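Shown next, in structure tokens, is the structure this report addresses.
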Amino acid sequence: MLNILNQKVFMSLSNTANGDVNGATRFYYQQKGKTIQATYTGGVVQTGTLLGKMFTDEQFEFYFQHMTLSGKLKAGYCQARIILLDNDVIKLEQNWHWLNGDGSTGYSELIEVVLN
């Protein structure tokens with residue numbers, strides 16, 4: 001199992017309207033074998049964490065939770081797919097749903113932030 005997500009930073013490319021993540025949100029990933037962890041912040045997200053598991057080198061799932069700037073605690077579940085673009089930048093395609101609140105589903109895409 002490759003540690004392809006270890007020490008990677010991601011930002012939002014797109015998200016459905018019922019999501020809290022936007023272009024100002026940054027995700028800071030760590031990976032050790034099959035275990036995925038990340039913290040995230042920005043936009044309406046004050047602070048958030050996620051914990052997940054790799055199934056293959058291209059697919060993983062995770063649970064996430066965050067506190068919004070307005071003080072709402074939100075949680076969800078996500079299935080994600082890793083896409084390696086031609087320039088070796090990673091894109092994440094994510095199908096998710098809220099575990100609290102309205103229970104709605106959504107789709108988002110994250111893109112790796114390449115730091116020079």
Side-chain angles (χ1 to χ4, degrees):
M1 178 95 19
L2 300 174
N3 288 324
I4 191 168
L5 298 176
N6 195 44
Q7 298 184 349
K8 300 291 185 179
V9 178
F10 292 90
M11 63 182 283
S12 178
L13 272 178
S14 66
N15 198 4
T16 49
N18 59 331
D20 289 343
V21 168
N22 62 33
T25 313
R26 295 294 180 271
F27 294 80
Y28 302 90
Y29 272 74
Q30 299 294 319
Q31 179 184 357
K32 185 173 183 182
K34 291 185 177 185
T35 302
I36 304 290
Q37 299 179 74
T39 59
Y40 58 102
T41 186
V44 301
V45 176
Q46 181 181 36
T47 187
T49 61
L50 66 83
L51 178 63
K53 176 182 173 182
M54 296 291 294
F55 290 118
T56 68
D57 286 337
E58 294 86 28
Q59 294 183 317
F60 64 102
E61 70 176 358
F62 61 86
Y63 290 90
F64 61 92
Q65 60 186 5
H66 63 255
M67 182 77 69
T68 67
L69 292 176
S70 64
K72 291 183 182 175
L73 179 61
K74 300 177 92 174
Y77 169 76
C78 181
Q79 291 182 324
R81 187 170 79 136
I82 297 169
I83 307 294
L84 191 58
L85 302 177
D86 291 337
N87 54 2
D88 289 332
V89 171
I90 300 168
K91 182 170 88 167
L92 303 177
E93 297 179 342
Q94 304 180 135
N95 291 294
W96 53 268
H97 70 270
W98 292 115
L99 296 176
N100 63 347
D102 65 7
S104 62
T105 62
Y107 174 80
S108 59
E109 292 182 347
L110 302 182
I111 190 80
E112 181 182 359
V113 176
V114 179
L115 305 172
N116 294 327

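Just so it is clear, the structure is predicted and the values come from calculations on it, not from any experiment. One-based numbering along the sequence shown. These numbers come from the heavy atoms of this one structure, side chains and all, not from hydrogens, waters or symmetry mates.
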Has the side chain of N100 got a donor or acceptor atom that lies under 3.5 Å from a matching backbone atom of L73? yes

On a heavy-atom basis, which atom in [X] and which in [Y] lie closest, and how many Å separate them?
X    : Y   : result
Y40  : H66 : OH-ND1, 2.8 Å
S104 : N18 : OG-ND2, 2.7 Å
N3   : Q31 : C-OE1, 3.3 Å
A24  : G43 : CB-N, 3.7 Å
N22  : V44 : ND2-N, 4.4 Å
M54  : F60 : SD-CB, 3.5 Å

Pairs where residues 14-32 contributes a residue and the test salt bridge (charged side-chain N to carboxylate O under 4.0 Å, His left out) is met, not counting sequence neighbours: D20-K74

Scan L92, V21, I111 and name whichever one has a side-chain contact (heavy atoms from CB on, under 4.5 Å) with F10. L92

[atom1]-[atom2] distance between [X] and [Y], expressed to the nearest 0.5 angstrom:
X    : Y   : atom1 : atom2 : result
T49  : Q37 : OG1   : CD    : 9.0 Å
Q46  : K72 : CD    : NZ    : 14.0 Å
L84  : I90 : CG    : CD1   : 6.5 Å
L110 : K91 : CG    : NZ    : 10.5 Å
K53  : E61 : NZ    : CD    : 7.0 Å
T41  : Y28 : OG1   : OH    : 7.5 Å

[X] vs [Y] side-chain heavy atoms within contact, under 4.5 Å:
X    : Y   : value
T105 : N95 : no
I82  : L5  : yes
Q94  : F62 : yes
I4   : D57 : no

Between V113 and F27, does a side chain to side chain contact (heavy atoms under 4.5 Å, CB included) hold up when you go through it step by step? CA-CA 9 Å; V113 176; F27 294 80; over 6 Å; no

Does one hydrophobic cluster hold both L13 and M11, with members joined at side-chain heavy-atom distances below 4.5 Å? yes

Can you see whether E109 engages Y107 through a side-chain donor-acceptor pair at a distance of less than 3.5 angstrom? yes

For W96 and W98, take the angle between the two ring planes, folded into 0 to 90°, and tell me which bin it lands in: parallel under 30, tilted 30 to 60, perpendicular over 60. perpendicular

Can you list the other members of the hydrophobic cluster that holds Y63, where links are side-chain heavy atoms under 4.5 angstrom apart? Y77, L99

Please report the C-alpha distance between Q30 and Q7 in whole Å, then the side-chain angles of each, then the deciding distance to 0.1 Å, and finally whether the side chain to side chain contact (heavy atoms under 4.5 Å, CB included) criterion is met. CA-CA 5 Å; Q30 299 294 319; Q7 298 184 349; 3.7 Å; yes

